[in-house]
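Below, chain A is the first sequence line, B the second, and so on; all start at residue 1. Owing to the predicted nature of the structure, the values given are computational and were not obtained by experimental measurement.
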There are 2 protein chains.
Amino acid sequence: MLSFTEENYLKTLVQLTVFSEGVEEVGVNSLAKNLSVKPATVSDMLRKLKEKSLVNYKKYGKISLTEEGKLAGMMVVRRHRLWETFLYQKLDFSWDEVHELAEELEHVYSSKLINGLDKFLEFPAFDPHGDAIPNAKGEIALPFRKTLSEISIGESCRIVAVKDNSTDFLQYADKIGLKIQDVITIVAKEDFDALTTILIRNEEFVVSPKFTENIFVVCRLCGKAKGCSC
Amino acid sequence: MLSFTEENYLKTLVQLTVFSEGVEEVGVNSLAKNLSVKPATVSDMLRKLKEKSLVNYKKYGKISLTEEGKLAGMMVVRRHRLWETFLYQKLDFSWDEVHELAEELEHVYSSKLINGLDKFLEFPAFDPHGDAIPNAKGEIALPFRKTLSEISIGESCRIVAVKDNSTDFLQYADKIGLKIQDVITIVAKEDFDALTTILIRNEEFVVSPKFTENIFVVCRLCGKAKGCSC
DNA sequence: TTTAACTGTTAGATTAGTCTAACTTTATTA
DNA sequence: TAATAAAGTTAGACTAATCTAACAGTTAAA
């Protein structure tokens, strides 16, 4: 049985490795920052997680998840995203309100509960932010996508997901009426101040990197991110 | 903000006082037994709850809830019973499975979540065990009822609730097809071994006090428990 | 290649909630 | 009412998760 805290370590490790393309290992400082604890605390906890065969790690080395740790972490993500979907779809919560509550609900462990919820929601593939929900085996289809900041002037793309890490951002996105599946066109990019002008539903907005880096998109025509030549 | 543990103390105090007719105060031992901790632990915690003005209590004296403590405890009960109703109605959990999970879910605090759940379930008045669900103000209509063990030979009554404290009992109740609103008739009572023969849906069962003391009933005809002369 | 900066570890303290063992107060009963 | 039993309290210890402060190891730069 994993504690609330251990689950948070595993979930964060999943986010920093499995969900970060090309990153397989992280350092103590980075993990500490993401968990809002001090590195000393992480050092201690790593000993415990290693004892339980959940992480690969040795003193002064890098941290990675074992298969077992990865599965456990994936299940926390699954619970989190299913609860977010429930709150959004059934209880009329908004985009930016679901995350905080899901942080608590995700730690209520019961396969019967989670699989029941999954069925009740008719096995959703994505949460309200557009992120894929791992299935009961912890499997996930890694999305094939870019961030909005990677799109060039004049190109159009379709929004497939938004990062759910900032309430500010989500509220702004909500305010300008942004929705998953919306089409965005890049009107202009200012190099010197990194502002981008985007067109959405015939309205123009000037946005900062904070905005463009938090939106995931695919090609408007073929649905691909990389290797598209439309 | 109340901790998980503090909430459990308040919830248990509500159960032992508000929901136990004629009992307004409890002792340290009784509270300890109901929380499955040692009296020493309760002594310590009481100091903390008193500090926060949640209980009335002085050394070697009896324990009771303040208005504030009662409200907080009632809200835990409200959350518990709403989650039980959700699990039973929406996720197809059975009678005896809901309690344990609700013990965890009840501690996720958010008015928006609970009031949203209440609305989603269309403001249910009773949980799957037939117990009244406190409203958003913590108010509850105290049920007017007897236990099955108080009914005399030859009398019939209608089941309005069952205590949800024993999985054994709930499973047995489920097995013989017991439902809220069922009518039961007392066929015979043996004084020397305290067994009772009951008739339910034309089937006879011999049951022990554990069974008859865990079922709440009202008069089959007028719906009243006390003061009925049908 | 030596030093500075960064990264990570260890030791010792703290807090919440629990325990056991010994003690104190209150209630009961002979 | 004195003795005994029951109920309740206190002191001291433990665990998990955290912290700070001091130390150790690694990396990068001058």
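Comment: A/E213 does not engage A/K163 in a salt bridge, judged by the lack of any side-chain N to carboxylate O separation of less than 4.0 angstrom. Salt bridge status for A/E103 with A/K11: present, with a side-chain N to carboxylate O gap under 4.0 Å.
For the pair B/E25 CD and D/dA7 P, the interatomic distance rounds to 16 Å; values are reported in whole Å. Put simply, NZ on A/K58 is 22 Å from P on D/dA24, counting in whole angstrom units. Between the CZ atom of A/R47 and the P atom of D/dT15 there is a distance of 15 Å, given to the nearest Å. Rounding to whole angstrom units, CG of residue B/L31 and C1' of D/dT9 are separated by 15 Å. The nearest whole Å value for the distance from the NZ atom in A/K59 to the P atom in D/dG25 is 8 Å. Protein atom NZ of B/K33 is 10 Å distant from nucleotide atom P of D/dG8, rounded to whole Å. Atom CG of A/N29 is separated from atom C1' of C/dT9 by 12 Å (rounded to the nearest Å). Rounded to an integer number of Å, the gap from OH of A/Y60 to C1' of C/dT7 is 9 Å.
Using bins of under 30°, 30° to 60° and over 60° for the plane-to-plane angle, the ring pair A/F120/A/F86 lands in the tilted bin.
Listed by first and then second residue, the side chain to side chain donor-acceptor pair (under 3.5 Å) pairs involving residues 59-68 of chain A are A/N56-A/S64 (not counting sequence neighbours).
For B/H129 and B/H99, the gap between ring centers reaches or exceeds 6.0 Å.
Under the salt bridge (charged side-chain N to carboxylate O under 4.0 Å, His left out) criterion, A/D168 pairs with A/K210, not counting sequence neighbours. Residues forming a side-chain contact (heavy atoms from CB on, under 4.5 Å) with B/F123 (at least two apart in sequence, or on another chain): B/D118, B/K119. Every side-chain contact (heavy atoms from CB on, under 4.5 Å) that A/F126 has, sequence neighbours left out, goes to A/A132.
Residues from residues 3-15 of chain B lying near DNA chain C, meaning a heavy-atom separation below 4.0 Å, are B/S3, B/T5, B/Y9 in numerical order. The stretch residues 37-46 of chain B touches DNA chain C through B/V37, B/K38, B/A40, B/T41, B/D44, B/M45, each having a heavy atom within less than 4.0 Å of the strand.
For the side chain to side chain donor-acceptor pair (under 3.5 Å) criterion with B/R79, the lone passing option out of B/E106, B/E7, B/H107 is B/E7.
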